[in-house]
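What you see is a predicted model, and the numbers here were worked out from it, not measured in a lab. Positions are given from 1, in the same order as the sequence printed here.
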Amino acid sequence: MKSIESMIGRELQWVHPSIFKPMYELRAGDTVVAKLEWVKFLGMAAKAESVDGCWMFDQKGLFKSEVTVKKCDQDEPFISIKEEHFKRTQKIELSDVRHVTLKSNVWRTTFTLETDTGEPLAVVRKHGFFSRKFDVELRRRGTSFPEFPWLVLLMWYLILVAIRRARAHGATAG
C-alpha cells in the first residue's frame, strides 16, 4: 500500500471487488491504497485502513444520529459528527476554528469534501449508473490538513451510509 497523500493527481477508484464481501478498496490501477470493510454485514461500524493508519467509523442512533471516529487501537473516539440525514451537506468540525464540509449534488452522484472557503480537497463521482465503481480525485490542498488520510476514508464511509440509507428507504417506499 502507498500513502493517500502520495496518490494526489493519480487516477483512483473506490471499487467493491466482491458482492459477497462487505469490503471496498481504494485503488490506483492494480495498487490497493486503502480498504474499508463493514465489521458486521448489516451493522454500521466499519474499519478503514491505509498505510497512513487504521480507523474505526460507527454510526450511533437512528433519527438524530452521530458518526464517531476513533483509531483502531483506542477505545474512545477523537471526533464525533452529528449527521444531517435530509441535507446534502455535512459539516465536520476538526477543531474550534477548523472544519470541512462534505457536499453532494441532487442525484448523489458527485460528492465533494471542501474547506470552509469552498475549496475542494477531494471529489468522488459515481463511475456509471449501474457501476459499482466511484472515481476519486484528491487535490493538493488536502495535504495542508494533517487529518487528510482519515478524512478521505471518512468521506467514503459517509457516502456508503447515505447509499445504504437510500436503498433502505427505497425498499420500504415501494
Query raised in the report: Is the number of heavy atoms from other residues, nucleotides or ligands within 6.0 Å of CD (Glu76) greater than 12?
Result: no
Query - Between Thr143 and Arg140, a side-chain donor and acceptor under 3.5 Å - result: no
Query raised in the report: Ring centres of Phe78 and Trp150 under 6.0 Å apart?
Result: yes
Rounded to the nearest 0.5 Å, how far apart are [atom1] of [X] and [atom2] of [Y]?
X: Glu114; Y: His99; atom1: CD; atom2: NE2; result: 9.5 Å
X: Asp73; Y: Trp55; atom1: CG; atom2: CH2; result: 11.0 Å
X: Leu12; Y: Phe134; atom1: CG; atom2: CZ; result: 15.0 Å
X: Ile79; Y: Leu151; atom1: CD1; atom2: CG; result: 7.5 Å
X: Ser65; Y: Met44; atom1: OG; atom2: CE; result: 8.0 Å
X: Lys70; Y: Thr68; atom1: NZ; atom2: OG1; result: 7.0 Å

Report yes or no: do [X] and [Y] belong to one cluster of Ile/Leu/Val/Met/Phe/Trp/Tyr joined by side chain heavy-atom distances under 4.5 Å?
X: Leu94; Y: Leu138; answer: yes
X: Val152; Y: Phe145; answer: yes
X: Met155; Y: Ile8; answer: yes
X: Leu113; Y: Val161; answer: yes

Could you tell me whether a side-chain N or O of [X] sits under 3.5 Å from a main-chain N or O of [Y], the two making a donor and an acceptor?
X: His16; Y: Pro22; answer: no
X: Ser50; Y: Asp52; answer: yes
X: Gln90; Y: Lys82; answer: yes

Would you say [X] and [Y] make side-chain contact, with heavy atoms under 4.5 Å?
X: Val67; Y: Tyr157; result: yes
X: Val39; Y: Asp58; result: no
X: Val123; Y: Arg125; result: yes
X: Leu153; Y: Phe57; result: yes

**Report entry** Qualifying side chain to side chain donor-acceptor pair (under 3.5 Å) pairs with a residue from residues 26-45, counting only residues at least two apart or across chains
**Finding:** Glu25-Arg27
Requested in this report: Using the test side-chain hydrogen bond (donor to acceptor under 3.5 Å, both in side chains), find all partners of Glu93 that sit at least two apart in sequence or belong to another chain.
Outcome: Lys91
Give the minimum heavy-atom separation between [X] and [Y], together with the two atoms involved.
X: Lys2; Y: Ser6; result: CB-OG, 3.7 Å
X: Ala34; Y: Trp14; result: O-CZ3, 4.2 Å
X: Ala48; Y: Leu36; result: CB-CD1, 4.1 Å
X: Met23; Y: Pro17; result: O-CD, 3.5 Å
X: Pro146; Y: Ser144; result: CD-O, 3.7 Å

Report task. Before giving the answer on side chain to side chain contact (heavy atoms under 4.5 Å, CB included), spell out for Cys54 and Lys47 the whole-Å C-alpha distance, their side-chain angles and the decisive distance to 0.1 Å. Result -> CA-CA 7 Å; Cys54 179; Lys47 181 180 181 180; 3.5 Å; yes
Query raised in the report: Quick one: do Glu119 and Arg139 make a salt bridge, cutoff under 4.0 Å?
Result: no
Query raised in the report: So which of Leu160, Ile159, Val15 actually passes side-chain contact (heavy atoms from CB on, under 4.5 Å) with Tyr24?
Result: Leu160
